[in-house]
2 protein chains.
Amino acid sequence: MIKLTSAEENYLKAVYHLSEEGKKNVSTNDISAEMKTKPASVSDMLRKLSDKKVIDYRKYYGVNITDEGKKYALQVIRKHRLWEVFLVEKLRFAWDEVHEVAEELEHIKSPILIQRLDEFLGHPKFDPHGDPIPDEFGDVKARPRLPLNVLALNDGGQIVAVKDSSAAFLRYLDKVGAYIGARVKVLDKVEFDGSLEILVDNKKTLFMSKDVAENILVLQQ
Amino acid sequence: MIKLTSAEENYLKAVYHLSEEGKKNVSTNDISAEMKTKPASVSDMLRKLSDKKVIDYRKYYGVNITDEGKKYALQVIRKHRLWEVFLVEKLRFAWDEVHEVAEELEHIKSPILIQRLDEFLGHPKFDPHGDPIPDEFGDVKARPRLPLNVLALNDGGQIVAVKDSSAAFLRYLDKVGAYIGARVKVLDKVEFDGSLEILVDNKKTLFMSKDVAENILVLQQ
DNA sequence: ATATTTTTTTAGTATTGCCTAAACAATATT
DNA sequence: AATATTGTTTAGGCAATACTAAAAAAATAT
């Protein structure tokens, strides 16, 4: 069991996130942009993380997270997301106000605390942004991408892609605030024409035709 | 608004606690013992806290906390104790297992978080050890000391003193685990002879005569 | 193929918070 | 009063994490 400092955990998390989507050899500059530190600081930290065997690091060639590293990153992400659920569901934070506080809470070191928090929250599978919460073994529930119109009434999800990427369609999405990453929930389905009433980002409702909904892909929750 | 690091907050808290009971000119060695650091480290830190005007410090003569310092110390204590209540009441921690985790949680910097946590917990006035929780202005509820036998059924408190301090009486208290600092709760009162059934430290029950109970002073909660 | 630009690393510095060893101040002992 | 003891501070160092400036390597352009 390696010990990681909070700073090390943050860098490891950044490497993990930048490695997603199968990206290989994450660059020093990318990490520096993500972490808002200078590349020189990143180089320092990469050597340390490499010594602790949570990343594979070849100078000038970028880094890849190891299996061991992934485990640590996922536990930090688990903690972050559980705290976000707590803040939103128990302390009535808005879902877009929780990140910074969770960023601090995620570094509290107490396995029993997280286990109990998970229980207390009823073992949630997704955080308030719709991102999946890894379980204690680091397993994340894979979610299918579905067109928005196939969700059942009151089901929700997060917009992750669009099928139609014409300028007109994107302009429309922009206008109504249905960006990639937005959280949506089906409030009503009109049987007659398949049109929908949607709650966007827990803030505003929006009516959309079936044609539009078919072109919005969501990760279901 | 000064900013204090976690380490500074911890030292300030130590100075505050050591200053209680009207003790003046807290010594470097006392702080070093409390903080489990070396006296040399304490000297370093005292200079920093003095620069930030949260303590009055004259070399070789010990320190006194300033009014400003007291405010900061009380806010940290408030956070610590609110988190303890959370851990015990919501996450089912035993009341003697919460200190270390609360020691980390107390340094999370988010005023709104604490305000909401306080609300969520129903504005508790005492932590699981029976210590009072300062309000957002730093005011602490003064609690009357009462003989244990005058508490009502199901009322609880913390033993803070004894009236009779004979060896025989202290030996008895020692035997039954009713030390100064122990948390007690009245489980039953026998009308006939005024004897009591008491829960000690949430762990074991104990029968005591009215004579004994009259000599145990508790801070009511 | 060489020159230029970009990226990355190294070297050296600062700050925080701790340490040890040595110096200094206050107090107790003879 | 002189000395021994205890308590406190200073000096100098170390580890972590950041920085800037400069050097080195890699990538790109001419």
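Chain letters run A, B, ... following the sequence lines, proteins first, then strands; residues in each count from 1. Just the heavy atoms: all of them, side chains too, but no hydrogens, waters or symmetry mates, feed the values below.
- Here the side chain of A:Thr5 is nearest to one of C:dC18, C:dT8, D:dA16, namely D:dA16.
- Closest heavy-atom contact between B:Tyr179 and B:Ile159: O-CB, 3.6 Å.
- When rounded to the nearest whole Å, the span between NZ of A:Lys59 and P of D:dA25 equals 9 Å.
- A:Tyr60 and A:Thr28 share no side-chain donor-acceptor pair at under 3.5 Å.
- Whole-Å rounding puts the A:Asn25 CG to C:dT7 C1' distance at 14 Å.
- Side-chain proximity of B:Ala40 to D:dT9, C:dT9, C:dC18: nearest is D:dT9.
- Put simply, CD on A:Glu9 is 15 Å from P on D:dA16, counting in whole angstrom units.
- Between D:dT9, C:dT8, D:dA18, one nucleotide has an atom nearer to the side chain of A:Asn29 than all others, and that is C:dT8.
- In this structure, of C:dT20, C:dT8, D:dG7, it is D:dG7 that holds the atom nearest to the side chain of B:Tyr60.
- A:Tyr61 has its OH atom 9 Å from the C1' atom of D:dA25, to the nearest Å.
- What separates CG of B:Leu46 from C1' of D:dT10 is a distance of 14 Å, to the nearest Å.
- Whole-Å rounding puts the B:Arg47 CZ to D:dT9 C1' distance at 11 Å.
- Ring to ring, A:Phe86 and B:Phe86 are close: their centroids are under 6.0 angstrom apart.
- Out of C:dC19, C:dT8, D:dT9, the shortest distance to the side chain of B:Ser43 is found at D:dT9.
- Rounding to whole angstrom units, CG of residue A:Asp44 and P of C:dT15 are separated by 18 Å.
- Distance, B:Lys38 NZ to D:dT9 P: 16 Å, rounded to whole Å.
- Across all their heavy atoms, B:Leu113 and A:Val101 have their closest contact at CD2-CG1, 3.8 Å.
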